[in-house]
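Inspection log for the structure reproduced underneath, given as structure tokens.
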Amino acid sequence: MSGTKANAPRLCNATLAALPADIAHPAYDRSTVTAGIVHLGIGAFHRAHQAVYVDDVLADDPSWGIVAASLRSADTRDALSPQGGLYTLSVRSGAGEALRVIGSVMDVLVASEAREPLLEAMANPRVRIVSLTITEKGYCHDPATGALNESHPDIRDDLQTPDAPKTAPGLIVEALARRRAAGAPPFTVLTCDNLPANGAVVKRILDRFAALRDADLGAYVAGELACPSTMVDRITPATTDADLVSIAARLGVRDAWPVVTEPFSQWVIEDRFPAGRPPLENVGAELVADVAPYEEMKLRLLNGAHSSLAYLGYLAGYVFVDEAMAGPAFDRFAATLMEEVTPTLNVPAGTDLAAYKRSLLERFRNPALKHRTWQICMDGSQKLPQRLLGPIRDRLAQGAPIDCLALGVAGWMRYVTGIDEKGEPIDVRDPLAELLRDIADRAGPSAERLAPALIAVEEIFGADLAADPRFQEAVTQALAGLYETGAKRAVAEVASPRN
Ligand code: CS2
């Protein structure tokens with residue numbers, strides 16, 4: 001067990017050759033890799049998803065290495081720099097665990113500490129893609145409309161001092177301005193966040209930000225920048241200390257920040273890269289003309305069910321998703337919610353939707369993936385519109401009932417009050433947490449007061465849902481049920497019996 005000690009040798013290029021034979025590691029020569037991608041937002045998801053596809057590409061083409069950045073936190077840089085960017089991917093299911101060391105990350109920067117080196121990397125003409133996993137709130141947009149939030153304090157700062165940006169839109173537009181001044185073509189911006197029409201949304205934000213900087217730059221970005229849409233999918237919980245210990249024991253060396261994920265992985269990409277792209281179709285990604293149907297299907301079925309399970313599961317006392325799924329009521333609820341959502345979808349041609357939904361339920365049940373409901377509950381104000389409110393709008397337009405979706409929204413409302421069913425505090429993480437808590441405190445524990453007060457938050461619900469009595473009634477009733485009977489009973493009541 002010496003490999004698990006804090007002073008054990010560290011995972012790095014020099015220790016790769018000594019790894020046990022069952023642990024895959026880069027077969028290509030890392031010293032020949034050059035940077036072709038700058039990635040903003042190096043969290044667990046990027047390391048379990050895009051960086052793995054790129055690791056596979058590098059075996060054939062070493063010009064697509066990744067220089068990754070965190071916008072603020074130094075944690076990932078501090079963990080990965082001494083390892084030369086190497087880290088372990090742990091793929092877990094009921095069948096066991098497979099480990100693989102990933103080598104595609106060449107360098108990690110922290111934007112707030114190394115702004116110039118990051119902008120230089122983005123301005124380097126060999127970099128042809130700037131990709132993003134900055135989470136929904138990183139776009140500094142209005143979640144209900146998708147437009148740039150021009151009164152966001154960080155956006156205002158970045159417009160004041162455009163050559164010293166701190167937001168993702170500010171960094172991207174400054175790098176584009178520098179490339180333009182140097183006569184280099186723009187990179188392609190590849191967003192990998194769970195937003196509907198994510199390419200169009202980021203394009204609109206960047207066009208607007210550039211236009212606010214100056215009209216000429218605005219016209220250039222509007223005319224020249226390509227932002228293809230993507231659908232990304234791999235469930236990736238936060239790494240725990242226990243993961244560090246068990247993975248080090250298998251590696252025989254210490255990895256300060258491995259990443260734990262599931263076997264399933266999907267990446268559907270709109271094939272529009274004027275500056276070139278890696279041959280991702282050779283490594284399992286799907287390059288298509290229109291991502292929208294894939295995105296909608298995934299956001300509404302997977303993420304919509306995930307968020308609903310998370311809020312209601314948390315309230316019912318479940319720490320992990322698989323634990324909630326082990327109780328029959330939540331499993332049936334997730335399936336019933338997916339049935340409610342199905343008539344709102346434009347399914348991609350050739351999809352076996354029933355099999356897709358079955359596989360989602362199976363993935364939620366994965367007993368080896370300890371995914372905290374609390375983690376998924378984060379940033380609900382940014383997630384609700386695309387996950388639950390979009391399908392609700394479509395169902396209402398069809399004159400169809402919204403029992404499960406309304407219960408999901410009510411679960412979020414009950415959760416953001418900050419007090420759980422046992423009267424214990426909830427650590428609500430959300431950019432609007434304070435506003436939401438304030439509304440909840442003023443309304444008190446009354447569904448009739450709380451539901452309409454929260455629905456009035458226009459940046460989440462828009463003006464249309466606030467004005468729709470059917471929505472208000474369904475959510476108020478669901479919230480009243482949560483207060484009266486608690487989440488477990490409320491979930492059991494809307495879930496269809498097993499057939
Ligand atoms: C989750 C997603 O945390 C969340 O909000 O719903 O991160 C989910 O695990 C991924 O989108 C799966 O691809």
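In listed order, ligands and their atoms are each counted from 1.
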Please could you name the atoms of ligand 1 that D233 approaches to less than 4.0 Å, counting only its heavy atoms? 12 (C), 13 (O)
Are the side chain of D420 and the backbone of E424 linked by a donor-acceptor contact shorter than 3.5 Å? yes
For the pair K137 and D154, find out whether any cationic side-chain nitrogen is under 4.0 Å from an anionic carboxylate oxygen. no
Counting both backbone and side chain atoms, is some N or O of H371 under 3.5 Å from an N or O of ligand 1? no
Any heavy atom of R234 under 4.0 Å from ligand 1? The part involved is backbone
Out of all atoms in ligand 1, which are within 4.0 Å of some heavy atom of K383? Include the element for each. 3 (O), 4 (C), 5 (O)
Which residues pass the side chain to side chain contact (heavy atoms under 4.5 Å, CB included) test with E323, sequence neighbours left out? Y318, V319, F320
Element-labelled atoms of ligand 1 that are located less than 4.0 Å from some non-hydrogen atom of K298: 10 (C), 11 (O), 12 (C), 13 (O)
Can we say R300 and D394 salt-bridge, meaning some charged N sits less than 4.0 Å from an Asp/Glu carboxylate O? yes
Which residue and heavy atom of the protein sit nearest atom 2 (C) of ligand 1, plus the separation: N303 ND2, 3.6 Å
Strictly below 4.0 Å, N to O, side chains only: are R358 and E362 in salt-bridge contact? no
Among M231, Q386, K383, which residue meets the side chain to side chain contact (heavy atoms under 4.5 Å, CB included) test with L299? Q386
Is there a polar contact between ligand 1 and N194, counting only N or O atoms under 3.5 Å apart? yes
I'd like to know if D56 and R100 make a salt bridge, using a cut-off of under 4.0 Å between side-chain N and carboxylate O. yes
R387 N/O under 3.5 Å from ligand 1 N/O: yes
Please indicate whether any nitrogen or oxygen in H306 is less than 3.5 Å from any nitrogen or oxygen in ligand 1. yes
